[in-house]
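The model shown is predicted, which means the values in this text are computed figures rather than measured ones. Residues: numbered from 1 along the sequence shown.
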Amino acid sequence: MKPGKVRPLALCVLRRDDHLFVAEGYDDLKKQAFYRPLGGKIEFGEYGRETVMRELLEEINQPVIVERYLGALENIFTYNGQQGHEIVLLYEGVFVDKTLYTCESVEGRDDDMLLFVAKWLPLAFFQQGTAPLYPDGLLEMLNP
C-alpha cells in the first residue's frame, strides 16, 4: 500500500455451491484473520478482466474464465496500522481446471515465496461474522 494513493484492483469471485474461494490474510495489529477473493492491482492499460486472468495465473498458476462483471466497490480500511483506499472491480469467474473445485486449499506464490493460502469457505462463515470478507459490501452484493 502506498500512503495517500487510491489503488485500483480487480478481484475474481469463484463459487462452489454456497462456498467462495478466498485468500486468507492476517492483520497483526488487530490480531484478526480476514478473507478476500483472488486478484490484484490493475496495471496501466489493462482491463479489469485481464487483471483477474493474469493475477490468478501468476499467483496460483491457474487459468480462469471470466464470465461476467459484478460491479465495483470502494474500500477504505486500516491494515496493520496503515490506511488504505481501493476501488475494486469484481468479476465472477470459473476455473478451467475443474479439479480445483475439490481442493481444500491452494498456495498463492510469487517468485517461490508464499503470499497466501486460498480455500473454499461457506458464505455462512461470513454471514455469521466469523471473519470479515473484503472488500466491504461484497457479502451484500453476493446476497441481495
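- Connectivity analysis of hydrophobic side chains (ILVMFWY, heavy atoms under 4.5 Å, direct or indirect) links Val52 to Leu14, Phe21, Leu38, Ile42, Met53, Leu56, Ile60, Val64, Ile65, Val66, Tyr69, Leu89, Tyr91, Val94, Phe95, Val96, Leu100, Tyr101, Val106, Leu115, Phe116, Trp120.
- Within the 4.5 Å cutoff, the side chain of Glu59 has no heavy atoms near those of the Asp110 side chain.
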- Walk me through it: do Arg54 and Glu58 pass the test salt bridge (Lys or Arg N to Asp or Glu O under 4.0 Å)? CA-CA 6 Å; Arg54 175 183 53 76; Glu58 288 176 1; 3.3 Å; yes
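- Using a 4.5 Å heavy-atom cutoff, the side chains of Pro135 and Leu11 are in contact.
- Leu133 has its side chain within reach of Leu20: a pair of non-hydrogen atoms, C-beta onward, lies under 4.5 Å apart.
- For the residue pair Ala33 and Pro132, the shortest heavy atom distance occurs at O-CD, 3.4 Å.
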- Hey, mind stepping through Met141 and Leu70 against side chain to side chain contact (heavy atoms under 4.5 Å, CB included) and telling me if it holds? CA-CA 8 Å; Met141 182 184 275; Leu70 295 174; 4.1 Å; yes
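- Separating the CG atom in Asp136 from the CG atom in Asn75 is a distance of 5.0 Å, to the nearest 0.5 Å.
- Under the 4.0 Å criterion applied to side-chain N and carboxylate O atoms, Glu92 and Arg15 are assigned as salt-bridge partners.
- For the pair Glu46 (side chain) and Glu43 (backbone), a donor-acceptor distance under 3.5 Å is present.
- Contact between Leu57 and Pro63 at its shortest, heavy atoms only, is CD2-N, 3.8 Å.
- The main-chain N or O of Asp112 is found under 3.5 Å from a side-chain atom of Arg109 such that the two form a donor-acceptor pair.
- In this structure, Glu86 and Pro8 have side chains that are not in contact, with every pair of non-hydrogen atoms separated by 4.5 Å or more.
- Contact annotation: the side chain of Ile76 approaches that of Gln83 to within less than 4.5 Å [non-hydrogen atoms, C-beta and beyond].
- To the nearest 0.5 Å, the span separating CZ on Arg49 from CZ on Arg68 amounts to 12.0 Å.
- Side-chain atoms of Lys119 and Glu24, non-hydrogen and from C-beta on, do get closer than 4.5 Å to each other.
- Taking each heavy atom of Cys103 and Arg16 in turn, the nearest pair found is O-NH1, 4.3 Å.
- Of all the heavy atoms in Cys12 and Pro37, the pair that sits closest is O-CB, 3.3 Å.
- A distance-only check finds a donor-acceptor pair linking the side chain of Lys30 to the backbone of Thr78 [under 3.5 Å].
- Between Thr102 and Thr99, the shortest heavy-atom contact is OG1-O, 2.8 Å.
- Residues Lys41 and Arg7 have side chains in contact (heavy-atom distance under 4.5 Å, counting atoms from C-beta outward).
- Going from atom CD1 of Ile87 over to atom CG of Leu9 covers 9.5 Å, rounded to the nearest 0.5 Å.
- Remark: side-chain polar atoms of Asn80 are paired, donor with acceptor, to backbone N or O of Asp28 under 3.5 angstrom.
- The CG atom of Asn143 lies 11.5 Å from the CZ atom of Phe126; values are rounded to the nearest 0.5 Å.
- Val88 has its side chain out of reach of Glu74: every pair of non-hydrogen atoms, C-beta onward, lies at least 4.5 Å apart.
- Across every non-hydrogen atom of Ser105 and Val117, the tightest pair is CB-CG1, 3.8 Å.
- The residue from Tyr134, Phe77, Phe125 that alone fulfils the ring pair (Phe, Tyr, Trp, His ring centres under 6.0 Å) condition with Phe34 is Tyr134.
- The closest donor-acceptor contact from the side chain of Asp17 to the backbone of His19 lies at 3.5 Å or more, if one exists at all.
- Other residues, nucleotides and ligands contribute at most 12 non-hydrogen atoms within 6.0 Å of the OH atom of Tyr47.
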